[in-house]
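The next block holds one structure in the form of structure tokens; read it before the comments.
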Amino acid sequence: MANISIDTHCHTLLQNQFQNIFDEEFITEICRSGHLKKFTAENTLMNIGDEMKYFPLILEGSLKILTEDNDGRELLLYYLEAGDTCVITLALDQSKKSRIRAIAEEFTQVLFIPVNKMDEWMVKHKHWRYFVMKTYSHRLNEMLGAIDTLAFHNMDDRLLKYLRDKAMKTGNNEIHNTHAQIANDLHSSRVVISRIMAKLEIDGQIKYGRNKIELLKF
DNA sequence: ACATTAAGTGATT
DNA sequence: AATCACTTAATGT
């Protein structure tokens, strides 16, 4: 009984995301191949150095993907949302160790699929192949954008972009984060973020208070 | 009222 | 832009 209800739950989530891309039969196969896990905000679902036996398919919610430098400080790479899969998981080196960390941003349901399925589906299902290629190029573009802002823009611009991205993602121009959390994501320090915030408020770009930033201009 | 956490400030590298 | 050391302000218990 329990199994059946879990299966239909998973199946429904898959249908919501993929019914226009994959046929019914394949969705059922995906559902059978993976196991569903639920996470709440701030849960780490994959860490640097973890062995990659599974790749994630996000069915609900969103994740943030980060790397770490030698001193253990974090840098936000990009967000993954429902309907995405983590393609850089697939770019494995010999060690099969993850180079990234994935943290849930909110309540999130993820289907973990054994990596060998990837090979199998890539040859067997052309729609899967298209899907992977599409997400691959999408992520690559985002990464190029991230490199661009890192290399050519100052912190002020990076912070504004960060806030806009976040507002866009949540569909709300109020962001509920501390300056320290943002500093972590941007690989900066709390003091620096606080000072730029103050400057942006004077410019009339934002308004903010404790744990809250309101974006005024887009 | 007290402790904890977030944000502000000045000086230094 | 980053870090340190310290202050002030907001919030939780």
May I have the distance from Asn211(A) (atom CG) to dA10(C) (atom C1'), rounded to whole angstrom? 10 Å
Contact nearer the 5' end of DNA chain B, comparing His179(A) with Arg195(A): His179(A)
Donor-acceptor check, side chain of Thr85(A) to backbone of Pro56(A), threshold 3.5 angstrom: yes or no? yes
To the nearest angstrom, the CD1-C1' distance between Ile182(A) and dA6(B) comes to 12 Å
Which of dT9(B), dA2(C), dA7(B) is nearest the side chain of Val191(A)? It is dT9(B)
Distance check needed: dG8(B) C1' versus Ile193(A) CD1, whole Å only. 15 Å
Could you tell me the separation between the CG atom of Leu200(A) and the C1' atom of dG8(B), rounded to a whole number of Å? 16 Å
Interatomic spacing from CD in Gln109(A) to CG in Leu111(A) - rounded to 0.5 Å: 10.0 Å
Between Ile196(A) (CD1) and dG8(B) (P), how many Å, whole number? 13 Å
Note: Lys199(A)-Asp203(A) ion pair, threshold 4.0 Å (strictly below): no
Counting only distance, no hydrogens or angles, is the base of dT11(C) paired donor-acceptor with the side chain of Arg210(A) under 3.5 Å? no
Taking for each residue the nucleotide of DNA chain C bearing the nearest heavy atom, is the 5' side occupied by Leu186(A) or by Arg190(A)? Leu186(A)
Can you tell me the distance, in whole Å, between the CD atom of Glu201(A) and the P atom of dA7(B)? 12 Å
Starting at CG of Asn177(A) and ending at C1' of dT5(B), how long is that distance when rounded to a whole Å? 15 Å
So, Phe18(A) versus Phe26(A), ring centres under 6.0 angstrom or not? no
Between dG10(B), dA2(C), dA7(B), which nucleotide gets closest to the side-chain atoms of Ser189(A)? dA2(C)
Would you mind reading off the distance between Asp156(A) atom CG and dA2(C) atom P, rounded to a whole angstrom? 11 Å
Would you please confirm or rule out a distance under 4.0 Å between OP1 or OP2 of dA10(C) and any side-chain N or O of Tyr208(A)? no
When you check the phosphate oxygens OP1 and OP2 of dT9(B), does a side-chain N or O of Ser194(A) lie under 4.0 Å from one of them? no
SB check Arg32(A) Glu29(A) (cutoff 4.0 Å): no
